Amino acid sequence: MESSAHKFKDLAFTARRDAHLQAALGKLGSGFSLKRKEAARRLPEFEGLRDQAKTIKDHVLENLDFYLERFEERVIEGGGELHWCGDADAAQKKILDICRKANAKTVTKSKSMIGEEIAINEFLEKNNIEPIETDLGEYIIQLRGETPSHIIAPAVHLNMGQVEDTFREKHTTLEPGRKLDEPQRLLEEARSQLRDKFLNADVGITGANMLIAETGSTVLVTNEGNADLTHTLPRIHIVIATLEKVVPTLEDATSILRVLARSATGQEMSVYTTFCTGPKKSKDEDGPDEYHVILLDNGRSELLGSEFQDMLRCIRCGACLNHCPVYQTIGGHAYGWVYSGPMGAVLIPALIGLDRAGDLPNASTLCGQCEAVCPMRIPLPGLLRAWRTKQFEGSEKNTLGKILLKVWVTFVKSPKLYRGAMNFILMILEIFGRKSGGFQWLPLAKGWTQSRDFPSPAGPTFVSQWKKGLLMSDQEELQKRQKK
Amino acid sequence: MSDIVKNKAPVVGLFVTCLVDTLRPEVGFASALLLQRAGCRVEVPLSQTCCGQPAYNAGARADTKAIAKNVITSFEGYDYLVAPSGSCAGMIKEHYPKIFKAEKKWKNRAEALAIKTFELTQFLSEEVSINASTPETRITATYHDACSGLRELKIKQQPRELLLKVSGISLKEGKEAERCCGFGGLFCVKYGDISTGMVDEKIADLEATGAETVLGGDLGCLLNIAGRLKRVGSSMEVRHIAEVLVGSLDVPAILKTRKIKK
Ligand code: SF4
């Protein structure tokens with residue numbers, strides 16, 4: 001997928017002025033966040049499960065080659081094929097190969113962020129194969145030519161009216177009189193369009209929430225059941241997944257499932273949890289004839305052993321987005337690439353380069369809410385800061401911000417100089433701010449003063465006043481001083 | 001109070017924070033008074049400047065270390081370091097030891113300081129005790145939980161209990177009291193527009209409580225909130241909790257017109 005992460009500030013500015021988006025984002029906090037809180041409260045061992053999930057993933061990351069090879073063996077034993085792909089290009093080509101061999105005209109697809117990463121839809125279209133998204137949210141944004149704005153709720157930026165308009169525009173068979181004013185009706189309309197496509201598709205592509213080394217299974221979690229139709233009906237099932245999705249055993253997978261849905265939507269379990277283990281066996285009534293797993297690296301192995309390794313624990317639950325006050329203010333599209341929110345701000349620079357996504361790690365107050373809810377205990381604020389360090393230390397370029405910081409540091413490091421400078425600045429500010437008591441404009445601080453007043457100081461620094469012996473021993477003296 | 005030697009007042013080094021130092025000295029005096037009332041001897045090392053968060057969060061590691069060394073050297077001689085700010089106390093307590101993880105000598109010194117570093121309300125509740133000493137204050141207030149204090153230092157009940165005990169104030173809780181106000185240090189200048197959206201969410205929640213005063217333990221957040229309230233013409237007042245605990249309500253609230261003249 002093309003990135004517009006370098007336009008972050010402009011995109012965020014526009015997002016803040018998009019009334020539909022703002023209304024949609026307003027519901028996030030009270031929706032997913034509240035439900036997660038309830039789900040965590042109902043399960044006393046939730047915190048312990050988070051530790052357990054983290055331990056499992058940490059162990060996997062330390063032994064990734066072992067588990068991946070084991071997974072590969074099991075996939076092959078089960079009659080499937082496994083394709084190692086280094087990057088998006090390799091994955092695209094492999095998928096096209098498989099489709100061409102099968103003479104595929106249409107491909108159904110269930111939601112996959114890796115699919116977005118490798119822009120598989122565009123690629124297939126270019127090669128005259130029609131990809132059809134079957135997750136309702138994905139289907140809607142595909143019709144609209146948009147990208148997902150949230151990793152688990154791709155169309156969260158839209159309201160029902162917008163969806164209705166899209167259906168009326170794109171579904172040529174839709175009668176004008178038909179009512180589409182409720183979620184259920186919209187769902188039925190989408191279903192009516194999708195049913196035939198499910199039946200006629202030659203290939204089904206799904207993502208995977210986990211890969212199980214012990215069994216060679218891929219695990220899929222959805223709420224709509226569309227993924228099941230995507231992999232059971234067509235003749236060929238392709239799973240696209242990245243390396244870090246592997247877990248050792250079924251037991252481990254279930255441990256992670258216990259925190260996944262709770263963190264994501266506050267459900268105990270998602271509605272459908274499907275384990276796919278190879279193609280149809282002789283006694284199976286249904287299932288695909290061919291089963292392919294595209295195992296994609298796309299930058300992951302470079303994170304192994306780096307200060308960003310923790311990020312590979314991510315299970316894409318979306319909790320950090322749902323709880324992020326920045327995400328809630330600007331939505332997902334402003335981040336400019338596949339992912340968004342805190343996990344996106346850490347992952348995007350890793351996958352497309354820090355130089356192309358330099359704003360993302362900086363556009364955070366490091367409030368820590370993401371880390372507080374992340375089921376995998378990923379230290380997201382620390383990782384954002386690590387990117388900032390790379391930026392600061394990695395570039396020779398002196399931006400205005402960097403120069404100002406350096407000047408400030410020079411003073412802060414030398415207390416005497418600092419004291420003198422501060423008292424001087426305070427004196428100037430006091431003179432200018434005396435009348436109004438505050439500033440509506442200050443040099444170099446437009447970001448602040450464009451929307452906020454800044455107080456005018458009332459005298460020299462506290463430390464200087466203290467030094468002059470203005471030590472209070474009781475309340476009266478304090479008040480006396482203040483009234484002077 | 002275990003490590004306080006009996007009959008000997010603990011000596012507290014007051015780390016006043018750069019924002020209080022420059023923009024709201026009253027909070028420094030109020031903190032000193034509260035500590036004295038709690039039986040401490042208060043000292044203010046004149047060599048203090050800033051805890052280094054702006055450098056740390058900008059990714060300037062070497063500069064952060066230099067600043068941290070100054071703080072460590074200035075304060076390690078006291079029984080305690082107390083700061084009227086959760087984010088500065090959090091910086092010293094949680095982050096200094098990490099910053100020096102590769103320099104054993106400094107790491108040890110950072111850890112030793114971290115153990116005796118406290119945010120003001122945390123210190124007044126957990127390490128010493130303070131009695132009601134001011135006449136009951138009749139304001140209706142709501143409390144904003146600043147992020148670092150809340151999540152790094154687990155400061156939640158301490159300020160609320162102190163307010164009730166010392167000033168007789170019970171709070172009207174905001175539904176989103178724990179939500180970030182959008183300050184974030186340099187963030188609010190660099191990403192002023194996003195920050196504005198965040199502070200607007202915050203003040204909507206604060207105003208919905210019906211309280212007349214916003215209290216908090218971190219001047220950064222309070223300046224941000226007060227700055228926005230003033231700009232949109234709200235009558236809500238904003239104060240640091242230390243001012244209320246000490247009873248100095250005749251000092252104008254942040255960004256309300258001051259009458260003092262020298
Ligand atoms: S970083 Fe954590 S909270 Fe965010 S999506 Fe990944 S697992 Fe979920």
Side-chain angles (χ1 to χ4, degrees), chain A residues 9 12-13 16 29 325-326 328-330 362-369 371-372 385 388-393 401 405 408-409 411-413 415 418-419 422 426 437-438 445-448 450-455 457-459 461-463 465-467 471-475 478-479 482-484, chain B residues 16 20-23 25-26 28-29 32-33 36 44 46-50 54-55 57-61 63 66-67 70 134 147-148 151-152 179-180 182-184 187-199 201 223-224 227-228 230-231 246-248 250-251 254-255 257-258 260 262:
Chain A
K9 271 194 174 175
F13 186 87
R16 282 246 300 131
V326 174
Q328 287 173 12
T329 304
I330 60 175
N362 290 292
S364 162
T365 59
L366 306 180
C367 77
Q369 182 61 24
E371 185 175 3
R385 200 183 285 114
R388 296 181 188 183
T389 304
K390 277 203 181 300
Q391 248 166 357
F392 193 89
E393 292 176 356
L405 191 82
W408 174 82
V409 167
F411 282 98
V412 170
K413 279 199 285 205
Y418 177 84
R419 197 79 21 228
M422 282 304 150
L426 292 181
K446 183 168 157 265
W448 177 288
Q450 67 184 358
S451 62
R452 289 159 280 212
D453 285 15
F454 190 83
T461 63
F462 167 80
V463 174
Q465 296 188 44
W466 181 276
K467 192 173 137 198
L471 171 62
M472 248 64 43
S473 53
D474 61 28
Q475 180 59 21
L478 175 77
Q479 290 182 351
Q482 278 154 354
K483 280 178 186 149
K484 252 199 303 211
Chain B
V16 76
V20 166
D21 187 33
T22 49
L23 293 168
E26 291 90 340
F29 287 110
L33 260 178
Q36 285 173 347
V44 176
L46 304 178
S47 53
Q48 63 178 292
T49 54
C50 169
N57 291 336
R61 271 192 298 196
D63 294 326
I67 297 170
N70 176 44
T134 44
C147 299
S148 316
R151 298 192 188 91
E152 290 182 347
R179 187 191 168 93
C180 175
F183 173 64
F187 168 86
C188 66
V189 180
K190 258 175 128 173
Y191 300 94
D193 187 59
I194 300 176
S195 172
T196 304
M198 291 163 75
V199 71
E201 284 288 320
L223 292 173
N224 181 36
R228 186 61 181 160
K230 172 97 186 263
R231 185 64 63 87
V246 93
S248 57
D250 51 342
V251 177
I254 298 170
L255 269 164
T257 321
R258 289 169 188 268
I260 39 170
K262 277 181 285 181

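Naming convention: chains lettered A, B, ... in sequence-line order (proteins, then strands); numbering from 1 in each chain. It should be emphasised that the depicted structure is a prediction, and the values quoted were computed from it without experimental measurement. Hydrogens, waters and symmetry mates play no part in the numbers below; they use all other heavy atoms, side chains included.
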Report summary line: Applying side chain to side chain donor-acceptor pair (under 3.5 Å) to B/Glu201 and not counting sequence neighbours gives none
Report task. Compare every heavy atom of A/Thr365 with every heavy atom of B/Cys180, then report the nearest pair and how far apart it is. Result -> SG-OG1, 3.2 Å
Query raised in the report: In terms of heavy-atom pairs under 4.5 Å, which option from B/Ala55, B/Ser148, B/Ala60 contacts chain A the most?
Result: B/Ala60
Requested in this report: Mind listing the closest non-hydrogen atom pair of B/Ile194 and A/Ala12 along with its distance?
Outcome: CD1-CB, 3.9 Å
Requested in this report: Indicate the atoms forming the closest heavy-atom contact of A/Trp466 with B/Ala32, along with that distance.
Outcome: CZ3-CB, 3.6 Å
Requested in this report: Sort out for me which of A/Val412, A/Ile330, A/Val326 touches chain B most, counting heavy-atom pairs under 4.5 Å.
Outcome: A/Val412
**Report entry** A/Gln391 portion near chain B, given a 4.5 angstrom heavy-atom threshold
**Finding:** neither
**Report entry** chain A contact via B/Arg228 - which portion, at a heavy-atom distance below 4.5 Å
**Finding:** both
Query raised in the report: Could you go step by step and tell me if B/Leu23 and A/Phe454 meet the side chain to side chain contact (heavy atoms under 4.5 Å, CB included) rule?
Result: CA-CA 10 Å; B/Leu23 293 168; A/Phe454 190 83; 3.6 Å; yes
Query raised in the report: Which pair of heavy atoms, one from A/Phe462 and one from B/Pro25, lies closest together, and at what distance?
Result: CD1-O, 3.6 Å
Query - Most contacts with chain B, counted as non-hydrogen pairs under 4.5 angstrom, among A/Lys413, A/Met422, A/Gln450 - result: A/Gln450
Requested in this report: With a 4.5 angstrom heavy-atom cut-off, could you sort out which part of B/Arg61 is near chain A: side chain, backbone, both or neither?
Outcome: both
**Report entry** Toward chain B, the part of A/Phe13 with a non-hydrogen atom under 4.5 Å
**Finding:** both
**Report entry** Residue among B/Ile254, B/Val44, B/Ile67 with most heavy-atom pairs under 4.5 Å to chain A
**Finding:** B/Val44
Report summary line: If one checks every heavy atom of A/Ala372 against chain B at 4.5 Å, the contacting part turns out to be side chain
Query - Most contacts with chain B, counted as non-hydrogen pairs under 4.5 angstrom, among A/Lys446, A/Glu371, A/Arg388, A/Arg385 - result: A/Arg385
Query - Residues forming a side chain to side chain donor-acceptor pair (under 3.5 Å) with B/Thr22, sequence neighbours excluded - result: none
Requested in this report: Would you please say whether a donor-acceptor pair under 3.5 Å links the side chains of A/Arg16 and B/Thr196?
Outcome: no
Query - Residue among B/Asn57, B/Asn70, B/Val189 with most heavy-atom pairs under 4.5 Å to chain A - result: B/Asn57
Requested in this report: Counting only heavy atoms closer than 4.5 Å, note whether A/Thr329 contacts chain B via side chain, backbone, both or neither.
Outcome: side chain
